[in-house]
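Here the structure comes first, spelled out in structure tokens, and everything after it is commentary.
Just so it is clear, the model here is predicted, and its values are computed rather than measured.
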Amino acid sequence: MTERTQSQRGISSLTLHLLAMAFMLCDHLWATLVPGNMWMTQVGRLAFPIFAFLAAEGFAHTHDLKRYRRRLLLFALISEVPFNLMMAAGPVYPFHQNVMWTLLIALYCLEWIEKAKTLQKPWQQWLGILAVAGAGWLLGTVTLVDYGGAGVLTVLLFSLLRGESWPRRLGQLAGLVWINCVLIGGQLLPVTLGGLAFEFPEQGLAVAALVPIWLYHGRQGPHNRAIQLFCYAFYPLHMLFLSLPALL
């Protein structure tokens, strides 16, 4: 089978965007209009890893990093009030910031990691990478961005282990398990398998996002300014729409 045929059978970047947006919408619908449908927030766990993966891919492919950063900053600012309205029914909510800030912090960390990779000795490179990752985790945690420092680390994970080889994929799997089941954790779900009962962190369902991510084969898919704007604008617009019933 040729590389071109394999690529044609893969999932495009646009398809991943649409899947992540649908998963996110499920989660936010559960949080606002249809509470009680737990399956919706469980499906929503798949959204952020896909967005994190796409941010890492965007960093790898962008021809203008400054423009990419400015776009994230612009939509982080635009999204803040809709996010606050959805989270707290008010325009100001200092205890939780929208996910665009998470991705923006991660983008700056990736830039510094690239600089760390230029250091002369391997131990200096790894020390630099660990220092940047630690700083990114700390900044994401203290600024209370969505998914906190763990969200920043998720983007770094996909960037550092970028590729389709199985060692890298196993690294992604192990990293996502650690980030979501240990760092984030949260509500536990009762599970029974083969007569054995145990509890599994609901956030651990995020690991299932690796299925569509691993089906991605590097194609951008249909792309123009209108599609790009839609993918960015969907975030603040859908939160604003979901907030309207509580404001009326």
Side-chain angles (χ1 to χ4, degrees), residues 7 10-24 44-63 65 68-69 71-72 76 98-117 125-126 128-141 145-184 203-221 231-232 235:
S7 177
I11 290 180
S12 70
S13 173
L14 178 60
T15 302
L16 281 178
H17 267 105
L18 295 176
L19 281 173
M21 289 155 60
F23 296 149
M24 177 176 63
R45 298 307 91 209
L46 278 67
F48 181 74
I50 298 177
F51 283 126
F53 172 80
L54 291 169
E57 285 294 297
F59 176 82
H61 290 291
T62 185
H63 299 296
L65 183 58
Y68 188 17
R69 284 201 306 256
R71 187 161 57 243
L72 279 177
N98 74 76
V99 77
M100 291 290 185
W101 295 111
T102 313
L103 300 179
L104 184 61
I105 292 172
L107 202 62
Y108 274 102
C109 288
L110 290 179
E111 186 177 4
W112 280 98
I113 283 175
E114 289 303 307
K115 294 180 180 179
K117 289 179 180 179
Q125 296 175 14
W126 282 109
I129 291 171
L130 290 174
V132 172
W137 173 83
L138 181 61
L139 184 58
T141 300
V145 296
D146 207 14
Y147 286 93
V152 176
L153 292 182
T154 304
V155 181
L156 304 191
L157 171 73
F158 281 119
S159 181
L160 291 170
L161 295 177
R162 184 169 177 265
E164 298 182 13
S165 67
W166 278 109
R168 290 177 179 270
R169 287 186 169 182
L170 288 175
Q172 292 173 10
L173 174 60
L176 279 191
V177 169
W178 177 67
I179 289 171
N180 290 281
C181 296
V182 179
L183 281 187
I184 300 178
Q203 185 59 40
L205 296 171
V207 176
L210 287 174
V211 174
I213 287 172
W214 287 351
L215 291 174
Y216 168 73
H217 284 297
R219 294 181 295 119
Q220 191 173 46
C231 289
Y232 276 93
Y235 184 58

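The local environment of CH2 in W112 is sparse, with at most 12 non-hydrogen atoms from other residues, nucleotides or ligands closer than 6.0 Å.
When all heavy atoms are compared, the tightest approach of A206 to N180 is CB-OD1, 3.5 Å. Across all their heavy atoms, A47 and A20 have their closest contact at CB-O, 3.6 Å. Minimum heavy-atom separation, A56 to L110: CA-CD1, 4.5 Å. Nearest approach of L157 to G171, heavy atoms of both residues: CD1-O, 4.0 Å. In terms of heavy-atom proximity, L14 sits nearest to C231 at CD1-SG, 4.1 Å. Heavy atoms only, all atoms of each residue included: L65 and T62 are closest at N-OG1, 4.0 Å.
Considering only heavy atoms from C-beta on, V132 stays 4.5 Å or farther from I129 through its side chain. With a 4.5 Å cut-off on side-chain heavy atoms, L103 and V145 do not count as touching. Between V152 and L139 the shortest side-chain heavy-atom distance does not fall below 4.5 Å. Considering only heavy atoms from C-beta on, H61 stays 4.5 Å or farther from Q220 through its side chain. Within the 4.5 Å cutoff, no side-chain heavy atoms of T102 are placed close to those of F51.
Atoms CD1 and CZ, from I184 and F48 in turn, are 8.0 Å apart once rounded to the nearest 0.5 Å. Distance check: Q172 CD to I179 CD1 gives 11.0 Å after rounding to the nearest 0.5 Å. Interatomic distance, Y235 OH to M21 CE, rounded to the nearest 0.5 Å: 12.5 Å. The CG atom of L156 sits 10.5 Å away from atom CG of L161, with the distance rounded to the nearest 0.5 Å. With rounding to the nearest 0.5 angstrom, the SG atom of C181 is 9.5 Å from the CG atom of L176. With rounding to the nearest 0.5 angstrom, the CG atom of L153 is 6.5 Å from the CG atom of L183.
Applying the salt bridge (Lys or Arg N to Asp or Glu O under 4.0 Å) test to residues at least two apart or on different chains, the pairs with a partner in residues 150-177 are E57-R162. Counting only residues at least two apart or on different chains, the side chain to side chain donor-acceptor pair (under 3.5 Å) pairs with a member in residues 145-155 are R45-Y147, H96-D146.
A donor-acceptor pair is defined here as one N or O able to donate and one able to accept, closer than 3.5 Å; no such pair exists between the side chain of R69 and the backbone of L107.
Remark: T15 engages S12 in a side chain to side chain donor-acceptor pair (under 3.5 Å) (not counting sequence neighbours). Considering only residues two or more places apart in sequence or on other chains, A209 meets the side chain to side chain contact (heavy atoms under 4.5 Å, CB included) condition with L46, P49, I50, I213. Listed by chain and number, the residues in a ring-ring contact (aromatic ring centres under 6.0 Å, His included) with F158 are F53 (sequence neighbours excluded). Among residues two or more places apart in sequence or in another chain, the ring-ring contact (aromatic ring centres under 6.0 Å, His included) test is passed with Y108 by none.
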